[in-house]
Amino acid sequence: MHPSLVFLLAFVALTVQAAPAGKSCVVDSFAASKNVADCATITIKSFTVPAGQTLALEKLKDGTVVNFAGDLVFGYKEWEGPLFRVSGASDSAKVTVNGNGHVLDGQGPLYWDGKGGNGGKTKPHPMVKLNAAGTVSQLVIKNTPAHAVSVGAKGALVIDRVTIDDSLGATKGGHNTDCFDVSSVNGLTIQNSICKNQDDCLALNDGKNVKFLNNQCIGGHGISIGSIKAGKHVDNVLIQGNTIKDNTIALRIKSYNGAKDASVSNIHYNDNHATGITKFGMMVVEDYTNSGETGKVDKAIPITNVNFEGKPSTIVMNGGQAYKVLCGKNTCTGSWNWSLLKISGKSKAGTSNINNIKW
Ligand SMILES: *[C@@H]1O[C@H](CO)[C@@H](O)[C@H](O)[C@H]1NC(C)=O
């Protein structure tokens, strides 16, 4: 045998051996979802998750593959949630979740009362909690009672081609239906996904090395960094290639006045395109409090290097105000190159209380 062939065969043998050993498991009922930690592959078939229960795939080993082969419906009950949770055995254990276009139905219309998380019915949220590194792709998450997906994975995670469809909520009382709420991540990419909702498309509250690429945000409150609270840091974020349609706000950064030990740094916007924006095109405000924006920025956090780069980002307004920047004294520093931000359409002119933005 040719030596290189021996080498190749040895390599193939090693590769096969390296594939995760373990069971193939089928989850076709809530009971079958218990103790899946030692499964190498998990196939999820169609069933209804009992009301008031979290369907939890917990402590999944590195290399575990979860394949959806059917749709899930979550039974209706007023409770805290979450409805579905995936978590790894360790921060770095990589899990692959293939939704294969199957639907998780949260039965939102039974909960929606126009109040979201601010009263009325108790709504289980988030609907989906992702605490595993790896990949989550091609899931359809529909009719979420309130917040849709919350990401808290500490290892690298890619969310790809996920659809969150709360479009019914626009006329049936959907509220606080955030698509992606992100906290304490390092190395998260959300790409090629669709968000139809009535609140933030992305709310990035804490984390570094985050990419939000080629997503569609329809009907909600735009792509947001924050609201940044005490102890929270957001660093190195790329927001690129997104389409934002008929949202109240296109792009924003917001922080709590008085938030101690908090910061936002190195935010890169490239080639984003918004139309039909009704309140604010580009917004950076540091006056957030639990009772909303107050205009007070006496104890603002540092926000450093907020730049539009690469290809132009465009925002077409349909009312409201083109931009608003409200920073504390000397807190918005570094490079603020907005020469590639193009705002047009019908709106009031922008306002800013800082003078270091380069247009
Ligand atoms: C701002 O960005 C534009 C486009 O990338 C670039 O041409 C320009 O030199 C930058 N200005 C400064 C002051 O960095």
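One-based numbering, in listed order, for ligands and for the atoms of each. Side chains included, hydrogens not; waters and symmetry mates left out as well; all remaining heavy atoms used.
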Heavy-atom pair of closest approach, residues Thr64 and Lys61: OG1-O, 2.7 Å

Do Ser193 side-chain atoms and Gln191 backbone N/O form a donor-acceptor pair below 3.5 Å?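 Answer holds: yes.
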
Residue Asn118 excluded, over 12 heavy atoms near CG under 6.0 Å: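 For Asn118, atom CG is crowded (more than 12 foreign heavy atoms under 6.0 Å).
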
Name the atoms and distances for all side-chain donor-acceptor pairs under 3.5 Å in residues 319-326, with sequence neighbours left out.
from: Gln321; atom 1: NE2; to: Tyr323; atom 2: O; distance (Å): 3.1
from: Gln321; atom 1: NE2; to: Thr351; atom 2: OG1; distance (Å): 2.8

Give the residues near ligand 1 by chain and number, with the criterion being a heavy-atom distance under 4.0 Å. Asn337, Ser339, Leu340, Lys358

Ignoring hydrogens and angles, write down the donor-acceptor pairs under 3.5 Å from the side chains of residues 163-170, residues two or more places apart or on other chains.
from: Asp165; atom 1: OD1; to: Ser167; atom 2: N; distance (Å): 2.9
from: Asp165; atom 1: OD1; to: Ser167; atom 2: OG; distance (Å): 2.5
from: Asp166; atom 1: OD1; to: Asn143; atom 2: N; distance (Å): 3.0
from: Asp166; atom 1: OD1; to: Thr144; atom 2: N; distance (Å): 2.7
from: Asp166; atom 1: OD2; to: Thr144; atom 2: OG1; distance (Å): 2.6

Can you list everything that forms a ring-ring contact (aromatic ring centres under 6.0 Å, His included) with Tyr76? Sequence neighbours excluded, please.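 Partners of Tyr76 under the ring-ring contact (aromatic ring centres under 6.0 Å, His included) test: Tyr111.
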
